[in-house]
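As structure tokens, the structure follows; a few thoughts come after it.
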Amino acid sequence: MMEEMYSGLRRWEDMDIDILVKIFENLNIVELTSGVAHVCHTWRMAACDPLLWRTLDLSLLKSNFIKIPLEPYVYVDGRSDKTFTRVLKIALNLSRQNILTLIFHYNMYVSDDQLTYTAQRCPRLKRLVMPAWNRIKKTGICRAVRMWEDLESLTMPSISNPPYLMEEISRSCKNFAELKVMGPCDIFFASTLAAFLPNLKVLSLRCSVLFKDALIIILECLPGLEVLNISHCLLVEVPPQPAPRRVLGALDKSILERASRLKKLVTCMSESCTMCQRTRSDEGLIRWYKYEEDLWRDDEVNSLAI
């Protein structure tokens with residue numbers, strides 16, 4: 001009788017894979033990498049299903065760090081690094097090179113080694129959201145970009161020397177079309193975009209300092225640009241010295257005329273707007289940690305929102 005009773009019980013490995021995949025779709029990355037793939041062969045097959053890995057959202061994970069006065073200007077706690085590396089390796093192993101979108105938290109300070117390991121296992125990547133680059137060297141990001149020939153969209157911080165990166169993107173990523181910069185945009189950055197990515201279609205510079213002369217370069221020298229988001233920006237004009245720079249309260253006629261060729265210009269410079277107030281309060285460099293947890297993920301351009 002005992003044998004008959006046990007013979008009627010279903011085993012874990014007898015569960016329908018499609019049902020398992022539906023269940024696993026509701027798990028976050030921490031839950032999905034915490035051992036479900038080790039239950040049995042069937043569960044591992046489900047955990048490796050491509051439907052689960054089109055997007056690898058690692059934004060639940062943040063670095064435990066302190067700011068330091070020298071490069072890379074942050075010191076990341078070793079235990080935090082090990083936790084992230086463990087989750088990253090498990091996820092990339094389960095994904096079987098099916099990841100198309102990769103998302104990091106704005107306080108996740110990825111190292112060169114972690115980035116290289118990721119790039120090697122995400123050869124089909126089309127979208128990268130990585131707002132923090134403190135620990136990544138020029139050689140590291142360029143090495144990764146060379147592996148991402150299908151890259152179409154990038155969310156990045158503002159960097160002081162952009163030509164090396166934009167040139168690499170121009171050379172390696174022929175379908176690149178969308179860029180979001182989470183930080184100031186000056187004349188140097190705008191000129192670099194014009195030089196190496198003139199066919200860029202979508203650009204978001206929201207919630208940061210934007211120099212008027214840089215905006216003019218973007219509007220005049222990016223002939224392929226279709227959508228520009230400058231919502232909640234601190235628009236700054238720098239007149240000839242000794243006159244001080246000033247913050248503009250509205251787009252003038254010359255800017256609007258140049259922008260008229262775009263399919264879509266997204267802008268907000270309202271004194272009553274909460275995000276505009278926050279940008280002004282933070283002097284054009286939003287301190288996201290002060291506000292709602294997921295606010296940094298927003299964008300008025302749907303394809304750049306997370």
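This chain uses plain numbering: 1 for the first residue, then up along the sequence. Computed over heavy atoms, backbone and side chain alike; hydrogens, waters and symmetry mates excluded. Note that the structure is predicted; figures quoted are calculated from it, not measured.
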Verify the cluster assignment for [X] and [Y]: are they in a single hydrophobic cluster under the rule of side-chain heavy atoms below 4.5 Å apart?
{"X": "Trp53", "Y": "Trp43", "answer": "yes"}
{"X": "Leu51", "Y": "Met45", "answer": "yes"}
{"X": "Trp148", "Y": "Leu88", "answer": "yes"}
{"X": "Leu203", "Y": "Leu128", "answer": "yes"}
{"X": "Met182", "Y": "Leu165", "answer": "no"}

To the nearest 0.5 angstrom, please state how far the [atom1] atom of [X] sits from the [atom2] atom of [Y].
{"X": "Leu94", "Y": "Cys48", "atom1": "CG", "atom2": "SG", "answer": "5.0 Å"}
{"X": "Cys142", "Y": "Ile169", "atom1": "SG", "atom2": "CD1", "answer": "8.5 Å"}
{"X": "Thr33", "Y": "Asn93", "atom1": "OG1", "atom2": "CG", "answer": "11.5 Å"}
{"X": "Arg280", "Y": "Leu234", "atom1": "CZ", "atom2": "CG", "answer": "6.0 Å"}

Can Glu257 and Ser260 be said to form a side chain to side chain donor-acceptor pair (under 3.5 Å), step by step?
CA-CA 5 Å; Glu257 287 178 351; Ser260 62; over 6 Å; no
Is it true that the side chains of Ser34 and Glu31 contain a donor and an acceptor less than 3.5 Å apart?
no
Please set out all donor-acceptor pairs under 3.5 angstrom arising from side-chain atoms of residues 190-200, sequence neighbours excluded.
from	atom 1	to	atom 2	distance (Å)
Ser191	OG	Ile187	O	2.8
Thr192	OG1	Phe188	O	2.8

[X] side chain near [Y] side chain, heavy-atom distance below 4.5 Å:
{"X": "Ser158", "Y": "Ser208", "result": "no"}
{"X": "Leu205", "Y": "Ile218", "result": "yes"}
{"X": "Leu262", "Y": "Leu225", "result": "yes"}
{"X": "Ile136", "Y": "Ser111", "result": "no"}
{"X": "Leu102", "Y": "Arg127", "result": "no"}
{"X": "Pro184", "Y": "Leu285", "result": "yes"}
{"X": "Ile230", "Y": "Leu235", "result": "no"}
{"X": "Cys276", "Y": "Glu271", "result": "no"}

Compare every heavy atom of Ile141 with every heavy atom of Tyr164, then report the nearest pair and how far apart it is.
CE1-CG2, 3.6 Å
When you measure from the side chain of [X] to the backbone of [Y], do you find a donor-acceptor pair of N or O atoms at a distance under 3.5 Å?
{"X": "Asn26", "Y": "Lys22", "answer": "yes"}
{"X": "Asp49", "Y": "Ala46", "answer": "no"}
{"X": "Thr118", "Y": "Gln114", "answer": "yes"}
{"X": "Arg278", "Y": "His232", "answer": "no"}

So does Lys290 pair up with Asp282, basic N to acidic O under 4.0 Å?
yes
Does a salt bridge link Glu226 with Lys264, judged by any charged N lying under 4.0 Å from a carboxylate O?
no
Does anything in residues 138-166 form a salt bridge (Lys or Arg N to Asp or Glu O under 4.0 Å)? List the pairs, not counting sequence neighbours.
Arg146-Glu168
Name the atoms and distances for all side-chain donor-acceptor pairs under 3.5 Å in residues 55-77, with sequence neighbours left out.
from	atom 1	to	atom 2	distance (Å)
Asp57	OD1	Ser59	N	2.9
Asp57	OD1	Ser59	OG	2.5
Asp57	OD2	Arg297	NH2	3.0
Ser59	OG	Arg297	NH1	2.5
Lys62	NZ	Glu293	OE1	3.4
Lys62	NZ	Glu293	OE2	3.2
Ser63	OG	Tyr109	N	2.9
Asp77	OD2	Arg79	N	3.3
Asp77	OD2	Ser80	N	3.1

I would like to know whether Ile29 and Val87 meet side-chain contact (heavy atoms from CB on, under 4.5 Å); could you show each step before the answer?
CA-CA 8 Å; Ile29 188 60; Val87 173; 4.0 Å; yes
Just jot down the ring pair (Phe, Tyr, Trp, His ring centres under 6.0 Å) partners of Phe104, sequence neighbours excluded, or say none.
none
List, one per line, each side-chain donor-acceptor pair under 3.5 Å for residues 236-252, sequence neighbours excluded.
from	atom 1	to	atom 2	distance (Å)
Glu237	OE1	Arg246	NE	3.0
Glu237	OE1	Arg246	NH2	2.8
Glu237	OE2	Lys212	NZ	3.4
Asp252	OD1	Ser254	N	3.2
Asp252	OD1	Ser254	OG	2.6
Asp252	OD1	Ile255	N	3.0
Asp252	OD2	Lys212	NZ	2.5

How about CD on Glu220, more than 12 heavy atoms from neighbouring residues, nucleotides or ligands closer than 6.0 Å, or not?
yes
Check the pair Asp81 / Arg135 against salt bridge (Lys or Arg N to Asp or Glu O under 4.0 Å), numbers first and verdict last.
CA-CA 12 Å; Asp81 236 12; Arg135 300 170 69 197; 3.0 Å; yes
Residues passing the side chain to side chain donor-acceptor pair (under 3.5 Å) test with Asp299, sequence neighbours excluded, are Lys180, Ser204, Asn229
Cationic tip of Arg121 above Tyr117 ring, under 6.0 Å, 45° of axis
yes
Taking it one step at a time, do Leu151 and Lys126 satisfy side-chain contact (heavy atoms from CB on, under 4.5 Å)?
CA-CA 4 Å; Leu151 191 68; Lys126 291 187 176 183; 5.9 Å; no
